[in-house]
2 protein chains.
Amino acid sequence: MGLGERKLKILQAIIKDFILTAEPVGSRTLMKKYDLGISAATIRNEMSDLEEMGFLSQPHTSAGRIPSDKGYRLYVDSLMMMDRLAKNQQDAIQKSFLQSFGEIREIITATSKVLSHMTKLTSVVLSPQFEQSKLKSVQLVPIDEKSLLLIVVSESGIVRNAIVRNNEVFSKEHLELITKILNIKLKGLTIGKVNKDVIYDLKCDMKKYTSLVDLIIPVLLATLEDMISVEVYLDGLMNIFQLPEYHNIEKARDFLQMLNHKEHIMDLLLNSKDELDITIGTENRHEEMRNCSLVTATYKVNDVIVGKIGVIGPTRMNYDHIVSVVDYVTKNLTQLLNDE
Amino acid sequence: MGLGERKLKILQAIIKDFILTAEPVGSRTLMKKYDLGISAATIRNEMSDLEEMGFLSQPHTSAGRIPSDKGYRLYVDSLMMMDRLAKNQQDAIQKSFLQSFGEIREIITATSKVLSHMTKLTSVVLSPQFEQSKLKSVQLVPIDEKSLLLIVVSESGIVRNAIVRNNEVFSKEHLELITKILNIKLKGLTIGKVNKDVIYDLKCDMKKYTSLVDLIIPVLLATLEDMISVEVYLDGLMNIFQLPEYHNIEKARDFLQMLNHKEHIMDLLLNSKDELDITIGTENRHEEMRNCSLVTATYKVNDVIVGKIGVIGPTRMNYDHIVSVVDYVTKNLTQLLNDE
DNA sequence: GATTAGCACTCATCAAGAGAGAGTGCTAAC
DNA sequence: GTTAGCACTCTCTCTTGATGAGTGCTAATC
């Protein structure tokens with residue numbers, strides 16, 4: 001059985017109505033609210049067909065129909081119109097980005113905030129993966145006789161530091177020499193590529209200062225580790241309380257508990273490889289996500305450093321709007337990050 | 001009417017039972033479960049008195065009694081025994097502190113985690129207030145021709161940095177001079193005391209380099225601002241779902257939404273000035289806290305830098321245990337922070 | 001042959017009522 | 001002063017019946 005024009009129209013109307021009301025949609029409602037030009041009985045027959053084909057389902061015999069994941073999938077792939085955001089919404093998004101100053105943390109936080117605010121759902125943002133970023137400089141700055149500050153700067157502009165403590169007084173000449181060698185060896189190297197071999201190499205070159213180097217290396221490694229670690233930012237968790245699907249305490253609890261596991265979220269987001277990706281209900285790998293959809297997008301800095309942004313909500317989400325928002329936010333974010 | 005020994009015993013038993021079961025306690029239950037040596041009828045009379053005095057209340061005529069805030073207050077002030085934590089619990093707390101390495105963020109996070117874990121409630125920790133901390137050094141390190149890193153170190157060991165960008169190339173001599181002046185003027189100064197006067201003074205001393213100074217000063221101020229800003233750490237938010245008082249969705253929502261406002265939490269915590277403070281229900285200034293109690297403690301670093309830790313839960317919380325945990329955690333935290 | 005009106009049937013939801021259970025307050029006896 | 005006994009109160013749960021939304025099927029209509 002094929003999917004005629006009329007069936008598609010009905011499916012679209014059902015999805016539209018269900019997204020709006022969160023109530024199963026009946027044939028009479030459909031006839032009255034949407035100008036389909038056919039009677040309720042005919043709609044019933046078509047709905048019956050659509051259910052048989054798996055695009056709709058029925059909570060119980062005498063209820064209306066609700067879209068299935070397959071139904072949403074069809075809608076998202078073929079029926080959805082990505083609406084251009086209203087001017088005032090575009091402005092709101094741009095404005096929120098203007099307020100966040102240079103620091104990457106600030107930008108990410110602002111992104112997360114605006115996403116959840118514009119969608120009234122929960123937003124998830126992963127900080128950029130700096131693994132592919134190159135090292136620009138490593139510095140050792142004395143802060144008092146027995147401790148010094150290790151500063152690592154990457155080309156992408158991230159800066160990290162850590163304190164190195166010693167029992168003896170650091171010699172200025174040694175420090176300068178070590179700094180020099182560190183820079184020669186590490187400058188231009190991709191952070192993710194600083195591995196055992198590189199460290200071994202470093203140690204060989206600085207055999208004379210083993211005691212000092214042994215102090216610095218672990219701190220350096222920890223700092224590099226910290227630079228490439230991806231952080232998860234959430235916002236709008238409480239928005240779910242506005243949604244009828246989460247008026248049930250168990251549902252709300254499960255949702256919140258799921259988002260409490262950062263690794264879990266990273267797994268979800270990193271799973272989608274497309275520029276803009278929609279995962280609907282059971283399409284998700286995680287059991288806990290079976291009633292949720294996820295709209296994610298990838299943002300880039302200099303084409304190598306990538307991060308993810310996304311919105312999580314019930315499968316009954318306003319895909320048109322959410323996708324538009326995610327898309328527009330991604331564009332703004334990318335622009336902001338590449339301007340610097 | 002005075003509070004005889006017997007009345008106190010009954011109150012204590014009621015509180016004990018209610019903390020355990022979350023159900024109003026009746027006279028017969030009390031007689032059967034607790035060895036009071038009197039009949040249910042006598043207990044009823046006593047309970048009636050206790051209610052009249054305001055220590056108990058009754059949800060409805062034919063229900064048992066529950067402790068009022070005043071009842072808990074009496075309990076906490078006079079009846080409570082601070083139980084020494086079991087050895088294994090002490091060990092668990094100590095262990096969790098051992099795992100957190102030097103960084104203050106890590107320590108605070110660990111504190112928050114262990115608090116919520118040991119109490120099965122929500123923990124709140126405020127990072128230390130570094131306002132009273134003194135500046136140790138300010139450094140300007142070039143990271144490339146047109147940008148340099150401003151590093152501020154305090155005596156308490158916190159380090160912050162920020163990037164200063166310029167359109168022109170920085171002159172090495174100027175930088176060294178400026179660094180020198182900055183250090184002379186700022187070293188030893190309490191961070192919170194760096195005000196307009198100090199800045200004005202600085203500017204006067206460096207009139208020759210106005211363009212450079214005008215670049216650096218705002219960054220410096222922002223960095224200092226960042227150093228003294230207090231952060232709020234929460235953990236165990238989801239623990240409330242285990243409590244019967246939050247099986248109601250509105251209650252759970254209100255609780256979570258309340259804790260979503262960081263300023264709100266800071267206000268709550270900073271309100272209590274004692275070493276260890278218990279605020280019960282309506283004793284709290286905030287309407288949203290009327291069903292909650294808050295156990296807070298103050299931790300110190302070098303006697304000047306202070307922070308707060310606390311546990312939030314329903315007024316029906318196990319005060320003995322919570323207080324013991326908060327107390328023990330505070331001791332460990334203080335020790336760890338002062339060792340460094 | 002597709003469409004539609006009509007109707008019997010199903011199921012969730014809501015309100016009202018009955019019964020059970022827990023607990024109290026009062027009274028009279030100990 | 002303490003206790004047993006009893007009537008009374010109130011919540012909670014279960015049942016019942018009514019209501020209403022919606023379906024599926026059948027037969028009539030276009």
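Naming: A, B, ... by sequence-line order, numbering from 1 per chain. Keep in mind that what you see is a predicted model, and the values were worked out from it rather than measured.
- In this structure, CG of Asp49(A) is placed 14 Å from C1' of dC25(D), rounded to the nearest angstrom.
- Cation-pi check for Lys70(B) over Phe55(B) is met; the charged atom lies under 6.0 angstrom from the ring centroid and within 45 degrees of its normal.
- Nearest to the side-chain atoms of Ser62(A) among the listed nucleotides dT4(C), dG5(D), dG22(D) stands dG22(D).
- In this structure, the nucleotide among dT4(C), dT3(D), dT24(C) sitting nearest to the side chain of Asn45(B) is dT3(D).
- Residue-level contact check: Thr42(B) touches the bases, meaning some heavy atom is under 4.0 Å from a base atom.
- The interatomic distance linking Met31(B) (CE) with dT2(D) (P) rounds to 15 Å, in whole Å.
- Residue contacts shown for Ala63(A) are limited to sugar-phosphate atoms, with no base heavy atom under 4.0 Å away.
- Between Thr122(A) and Phe255(A) there is a side-chain heavy-atom pair separated by less than 4.5 Å.
- At whole-Å resolution of the value, CD1 in Ile10(A) and P in dT3(C) are 10 Å apart.
- Residue Thr61(A) places at least one side-chain N or O closer than 4.0 Å to OP1 or OP2 of dC11(C).
- Of the candidate nucleotides dT3(C), dT4(C), dG23(C), dT3(C) has the atom lying nearest to any side-chain atom of Arg6(A).
- Checking dA4(D), dG25(C), dG24(D) against every side-chain atom of Ser39(B), the shortest atom distance belongs to dA4(D).
- The side chain of Arg44(A) sits closest to dT23(D) out of dT3(D), dT23(D), dC11(C).
- The separation between Lys33(B) atom NZ and dA22(C) atom P is 14 Å, rounded to whole Å.
- With ring centers used as reference points, Phe241(A) lies 6.0 Å or more from Tyr246(A).
- Distances from the side chain of Ala41(B) to the nucleotides dA4(D), dT23(D), dT10(C) place dA4(D) closest.
- When the P atom of dT3(D) is taken as reference, atom CZ of Arg28(B) falls 15 Å away, rounded to whole Å.
- The distance between atom NE2 of His60(A) and atom P of dT10(C), rounded to the nearest whole Å, is 14 Å.
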